[in-house]
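The chains referred to below are lettered A, B, ... by the order of the sequence lines, with proteins before strands, and numbering in each begins at 1.
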Amino acid sequence: MTTDTPFEQRLRTLYAVSVPTVLDRLIGTAMTTVPVHRSRRTRPRVLAALAVAAILAAAAAGPALEWFGGREDPFEGLWEVSSPVDQSVTADGYRVRVHRAFADRLGVRLAMSVQDLDDRWSGLEIDGAALTDADGRIYEGWNWSRSRTPVEGAIATWARFLLPDDVRGRDLELRVTVTSLRVRSPDPIPLDLDPEQIFTSVGGAWSFEFDMPPITQGYAISPAATASSHGVTIKLEELGVVPSGTVVQLAVDGLPELAAGSTDGWRPVANIQHDGETLDEWELPPGVVGSDGVVTIEALPVVEDLAGHWRISIHGFWSTGHGQFGESQGPWVLEFDVPERP
Amino acid sequence: MDEARAISLAGVPDEDDADLARAATEDRASFAAIYERYRTPVYRYLRARTATDADAQDLAAITFERAMGAIDRFHPVGGGMVAWLIRIARNAHLDALRKLRGRGAEPGDGAEPTVDPSDDAVVLRSLIDALPRAQRDVIQLRFAAGLTAREIGGVLGISEAAAQKQVERGLRALKEAYGDD
């Protein structure tokens, strides 16, 4: 039953458009190309093995450099501040390039592209890459759908790998190996083609060695902001910005204890606004309130200037094994102004 | 098999959002049920905010693609999955606007008529586009996406009561401008 007034019904009619069927096809295709990304806590080895790199399908031909040099959010500006690598390896007709490398507290990012030299396929994707350093550390790949971008003639991506804790500030040689490419059947895909056959894998070892780029430290402040309710206190530890993202670090005290030995944790459900604009937030691994009570949240877009009015609302917490906490106790709102830098 | 057909035949199982998200995390094909359930609110919302069908289509594709990549992080709080998807859609639209502005273009934040271009529809559209941004936002969330006040609150990061108040305020302003008092 509707309680809309005639005027409200008119508004609904105004927007009552049909979803185009071409969108169904686009999403159907994406379901075969976007890798499944399972929780790091439940499938750590799967993610580490897949190691990221990103990726997507592309059609046609043309330079990936244009994409990297452009302003594809959220990586606008990363190209300019990254270090050149400029290496390529060709095998089985596929040229893999590492154009540039960048590192900050949010990880190592590699500007990579793959080109099918024979233009045999309508799409490509990198589905296996591993990053290690000369000391044997493994940099966990962190898949991120926004790093997948088709460009003319190649695929291009800012592949992302997380920094091990003990690597900060050290000069190291890195080695990245693309272990597998997937190539997509050319369009139009026959209607009777088994979906499992849309992509086929091309194994290989496109390997590159280069120096770890300088780790950009960014800028961080610690404005005084605390919110308490129902015995839970949330304090802003740090608000920072690096070229690849905005970082909010919170200290949380008073959350219900989880079962002893639990590998789970409380994940904040947050809304971050800067000067009225909502930032897209993602928890950084481990993504949960740790034993030290601290949780770090990555937010986008990159805030060029931290100055302004901030409103960080924590609506509650979520734990896979323990459900929700805070819907009736919260929200916890941290609201503060950051002055212009002198 | 025809992908589009596979989706349209998938149907919408009577599962809650958390179950849908869990299933899609384990098996990408299960994302079809999420798409089937929420494609209309997401597309209509984006169509209300864009100038052309093609723009809305592109942004809807980006929205669901981003949702696929992040489905394991979905939390069934704050307005549920529809609010979560609309937030992704909203951010995708803002990204697109920033990109256009970065290229020197000055896109209209509003949209042109998508229904039969009767005078009434055109007038209503132009009046909605002329509303203050916050009011226009809630009108589109309520009447294009069809969200409840609780879901609007989840999108905007405000309480259900505050969302309802904003909807009423936007409606009042629109009615006044339209002369429907």
Exercise. With only heavy atoms counted, which part of V333(A) is less than 4.5 Å from chain B, the side chain, the backbone, both or neither?
Worked result: neither
Seminar exercise, completed: So, the part of R90(B) with a heavy atom under 4.5 Å from chain A: the answer is side chain
Exercise. If you measure from CD1 on I139(B) to CG on L14(A), what distance do you get to the nearest 0.5 Å?
Worked result: 11.0 Å
Exercise. Taking it one step at a time, do E65(B) and L26(A) satisfy side chain to side chain contact (heavy atoms under 4.5 Å, CB included)?
Worked result: CA-CA 9 Å; E65(B) 188 186 301; L26(A) 285 172; over 6 Å; no
Exercise. Hey, mind stepping through R39(B) and D24(A) against side chain to side chain contact (heavy atoms under 4.5 Å, CB included) and telling me if it holds?
Worked result: CA-CA 9 Å; R39(B) 63 180 175 174; D24(A) 295 350; 2.8 Å; yes
For this session: Evaluate the side chain to side chain contact (heavy atoms under 4.5 Å, CB included) criterion for residues V19(A) and Y35(B): first the C-alpha distance (whole Å), next the side-chain angles of each, then the deciding distance (0.1 Å), finally the verdict.
Result: CA-CA 11 Å; V19(A) 180; Y35(B) 171 71; 4.2 Å; yes
Exercise. Is the side chain of Y15(A) donor-acceptor paired with the backbone N or O of A145(B) at a distance under 3.5 Å, no angle test?
Worked result: no
Exercise. Looking only at atom types and distance, does a side-chain atom of R44(B) sit under 3.5 Å from a main-chain N or O of V17(A), one as donor and one as acceptor?
Worked result: yes
For this session: Check step by step if side chain to side chain contact (heavy atoms under 4.5 Å, CB included) holds for F7(A) and L171(B).
Result: CA-CA 9 Å; F7(A) 184 74; L171(B) 261 179; 4.0 Å; yes
Problem set entry | Shortest non-hydrogen separation from A60(B) to L23(A) and the atoms involved | CB-CD2, 3.7 Å
Exercise. Looking at residues at least two apart in the chain, or sitting in another chain, which of them share a ring-ring contact (aromatic ring centres under 6.0 Å, His included) with Y43(B)?
Worked result: none
For this session: Can you sort out the partners of L127(B) under side chain to side chain contact (heavy atoms under 4.5 Å, CB included), two or more places apart, ordered by chain and number?
Result: V123(B), L174(B), A177(B), Y178(B)
Problem set entry | chain A contact via I128(B) - side chain, backbone, both or neither, heavy atoms under 4.5 Å | side chain
Problem set entry | Minimum side-chain heavy-atom gap E8(A)-R142(B) below 4.5 Å | no
